[in-house]
2 protein chains.
Amino acid sequence: MKLQPELQEYFQGVLPNIEACIQEQLDSLNSYVFPVASHVLGSGGKRLRPLLCILMAGAMGHREASVYPLASALELVHSATLLHDDILDNSELRRGERAAHLVFGMKETILAGDALLAHANKIVADYGNPDLVNCISEAISSTVTGEILEIQKMRQPNLSQAEYLDIIKGKTGYLIQSSCESGAILAGNRSAEREASRQLGLNLGVAFQLVDDALDYSPAPDLGKPMGGDLREGKITMPLIHFLQELDAEQRERFLTRVKDKALSEKELEETMRCIRSRELHIRAREEAETYLQAAYQALASLPESREKSLLVRMLEYIRTRDY
Amino acid sequence: MKLQPELQEYFQGVLPNIEACIQEQLDSLNSYVFPVASHVLGSGGKRLRPLLCILMAGAMGHREASVYPLASALELVHSATLLHDDILDNSELRRGERAAHLVFGMKETILAGDALLAHANKIVADYGNPDLVNCISEAISSTVTGEILEIQKMRQPNLSQAEYLDIIKGKTGYLIQSSCESGAILAGNRSAEREASRQLGLNLGVAFQLVDDALDYSPAPDLGKPMGGDLREGKITMPLIHFLQELDAEQRERFLTRVKDKALSEKELEETMRCIRSRELHIRAREEAETYLQAAYQALASLPESREKSLLVRMLEYIRTRDY
């Protein structure tokens, strides 16, 4: 993740603590779950959720080491959802490496996901703060509902933008929302600031996902992922939804079936990529992210000035300008 | 479940409230998860965990309707573990009906399990009591660890009784322990009584499972389950462990592989059943349950006298004498 120097410097400062805490949590897992959890937690995640939690706690004046278990628990929840999600999607790749269920087996991966969720819940429970537990429980529940919605809706050839936005709110937005909110709760839970942290997190999360979707269709070198990885993996994201909307009903249904079955030939893949790029449908997804980024800026504006607040502004700039 | 009249009467009194609360919780689930969750929650579970939670809360003086969401959440957790467990075991039957993953598909069943766990966590979080959240989180974590241990150990032909007891403590004992403990916490959390509730629950849970194992090999009519269901389903339980220990190493390994592959012929199944019965290996499992029942009685004895305490004594008697 290429961040602005100021944000990069802050990130370098907290990252060793995040990693040490994740490692400690990994070490306490059963030896059977450990390799599966290590595989997903060690494969170059951006640690976006822990970072946001720490930044938000800091912006509210809480700058103590007690934030790290909470921050790391959010990465555990995120990893647990990735493990189950890759089984559900029958994905072959995760961050450029073979998905856990193909390396370790399905049973092992289901259980590792369950164990990570249970462990994260325990870490959060240990804070003895009911608001914190509520916040994380709510996020896990919403994330699962988002995954369910995805499975329900993705079968429909006429998936609308609004429906897709609901799906990414569920799958990505609410956990990022709770990453920010839980930081605010830890810092003292003043209701106006807590609401601002929710708005910031949800909007940042949706924007992040839309940009991520767009980058998969961008001509820039995409390290780790093969070009057009989402399309190859049968994943329907915003640029493809725009593309589908330009087809007639019959074409759309036929094409979508081939995408879902991962049955597109290399030539069809290239053709579709070229078409999406030449019509700038991926750029359109970035423009849609702009609405969410603006809402996130607005939420941030209501917070008192602090180093962390200005770093969160940098974070939004990073998402806006991210090119790989 | 055939209970003594006094316990039966109490159970009939609380059951409609338990069922109404479970139904309410089901109704709030996503429409995609609802049928899967209804299938497992509606298929004649004994509601042992809710009942124990209510009895224990009552024995500590808490007899209010606020116990029901907690009691029902325990059944949700139990059902979630059954859903994932049946996928892991590739089980075909659950309480005499086709297992959910065969009726609804694997994806749907994984997600329904995740959704039930998340929902149960939310219900418990809503009590705003960190001790309660800790108790349930700990139980979920231990149950998953028990399932992991089962997968690890069940491949070994020389599985010992001690190892099997560890597995059922994990898979069954800790959730039943937390059913009792959470009732005690809700009632006011006095430390000596809370420890007694833990001891009662864990020992009752292990005894319950050992008796359940034994009944599967008993000649009495077993409603719902086909005779020798565990053996057919490739499940290794205590009577079979005793049987395996009487074979030599080579025989044992060969036989165990066939059991795990569900490859036993009808004749071999009958032969094994007959052998276990004639050597009374299932009776031996019941005798082992006795040790745990005694520890459970002892834990109960330390509690103050109450209607619920005497009903819990009846519950232990029921487990001891249960014949189907």
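None of the values given here were measured: they were computed from a predicted structure.
The environment of Glu253(A) atom CD is sparse: at most 12 non-hydrogen atoms of other residues, nucleotides or ligands sit within 6.0 angstrom. Around the CD atom of Gln161(A), the shell of radius 6.0 Å holds more than 12 heavy atoms that belong to other residues, nucleotides or ligands. Counting heavy-atom neighbours within 6.0 Å of Glu24(B) CD, excluding the residue itself, gives a total of 12 or less.
Comparing Val33(A), Ile110(A), Thr81(A), Thr143(A) by heavy-atom pairs within less than 4.5 Å of chain B, the highest count is held by Ile110(A). Of the residues considered (Val133(B), Leu111(B), Leu117(B), Leu29(B)), Leu111(B) shows the highest number of contacts with chain A, using heavy-atom pairs under 4.5 Å.
Residues Ser137(A) and Ala125(B) approach most closely at OG-CB, 4.1 Å, considering heavy atoms.
Atoms CD and NE2, on Glu138(B) and His119(A) in that order, are 10.0 Å from each other to the nearest 0.5 Å. Taking CD from Glu147(A) and CG from Asp114(B), the interatomic distance works out to 7.0 Å, rounded to the nearest 0.5 Å.
With a 4.5 angstrom heavy-atom cutoff, Ile140(A) touches chain B via backbone and side-chain atoms both.
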